[in-house]
Engineer: 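Here you go, one structure.
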Amino acid sequence: MPPLLWTPDEAAAYLKVSQKTLQRLRNRGLPYVMISSGTIRYRPDDLTTFIEDRVQQCPTARKARASGTSTSKSGVVDFTAVAARMTTRKRKQ
């Protein structure tokens with residue numbers, strides 16, 4: 001039995017991307033089958049393999065503090081204090 005081939009619409013729906021993104025992915029190495037000039041099809045197994053090869057683990061993100069502070073390389077910055085200092089400065093004449 002020959003392999004099932006998906007149209008670009010079906011492949012884009014499977015990947016949950018637009019036709020334009022599908023074309024960009026194809027230019028970056030997404031395997032496809034060219035039936036004739038302008039007729040492109042995709043093998044479902046190729047799409048699955050393409051996705052699995054590009055899966056990256058997302059590092060656990062730190063939760064932002066609600067107090068108006070943020071952590072940087074140099075430590076904790078209190079943006080409310082910085083803003084207060086800036087508003088209390090006298091303007092140059």
Engineer: Taking all heavy atoms of P8 and all of I40, pick out the closest pair and write down the distance.
Structural biologist: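 Distance-wise, the nearest heavy atoms are CD-O, 3.3 Å.
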Engineer: Minimum heavy-atom separation for W6 and E10, please, with both atom names.
Structural biologist: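 In this case the closest contact between W6 and E10 is CA-OE1, 3.2 Å.
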Engineer: Search all heavy atoms of L22 against all heavy atoms of A11 and return the closest pair with its distance.
Structural biologist: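 Scanning both residues completely, I find the closest heavy atoms to be CD2-CB, 4.1 Å.
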Engineer: CG of D53 to CG of L30: how many Å apart, nearest 0.5 Å?
Structural biologist: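 Spacing of CG (D53) from CG (L30) equals 11.0 Å.
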Engineer: Examine distances only and state if a side-chain atom of T21 and a backbone atom of V17 form a donor-acceptor pair shorter than 3.5 Å.
Structural biologist: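 Not a single qualifying donor-acceptor pair exists.
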Engineer: Filter on side chain to side chain donor-acceptor pair (under 3.5 Å), then keep only pairs touching residues 26-41, sequence neighbours left out; what's left?
Structural biologist: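 Qualifying pairs, neighbours excluded: R26-Y42, S36-T39.
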Engineer: Below 4.5 Å, heavy atoms only, C-beta onward: do L5 and V33 meet side chain to side chain?
Structural biologist: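 Result yes, sub-4.5 Å side-chain heavy-atom pair found.
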Engineer: Side chain to side chain donor-acceptor pair (under 3.5 Å) with Q19: which residues, sequence neighbours excluded?
Structural biologist: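 Once residues adjacent in sequence are excluded, the partners of Q19 under the side chain to side chain donor-acceptor pair (under 3.5 Å) criterion are D9.
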Engineer: Could I get the full list of side chain to side chain contact (heavy atoms under 4.5 Å, CB included) partners for K20, not counting sequence neighbours?
Structural biologist: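 With neighbours one apart ignored, the set is S18, Q23, R24.
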Engineer: Please examine the side chains of L15 and L25, heavy atoms only from C-beta on, and report whether any two atoms are closer than 4.5 Å.
Structural biologist: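 Yes - at least one pair of side-chain heavy atoms lies under 4.5 Å apart.
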Engineer: Excluding sequence neighbours, so at least two apart, what forms side chain to side chain donor-acceptor pair (under 3.5 Å) with T48?
Structural biologist: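 Residues passing side chain to side chain donor-acceptor pair (under 3.5 Å) with T48: Y14.
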Engineer: Got a sec, which residues hit side chain to side chain contact (heavy atoms under 4.5 Å, CB included) with D46, two or more places apart in sequence or on another chain?
Structural biologist: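 With neighbours one apart ignored, the set is P31, R43.
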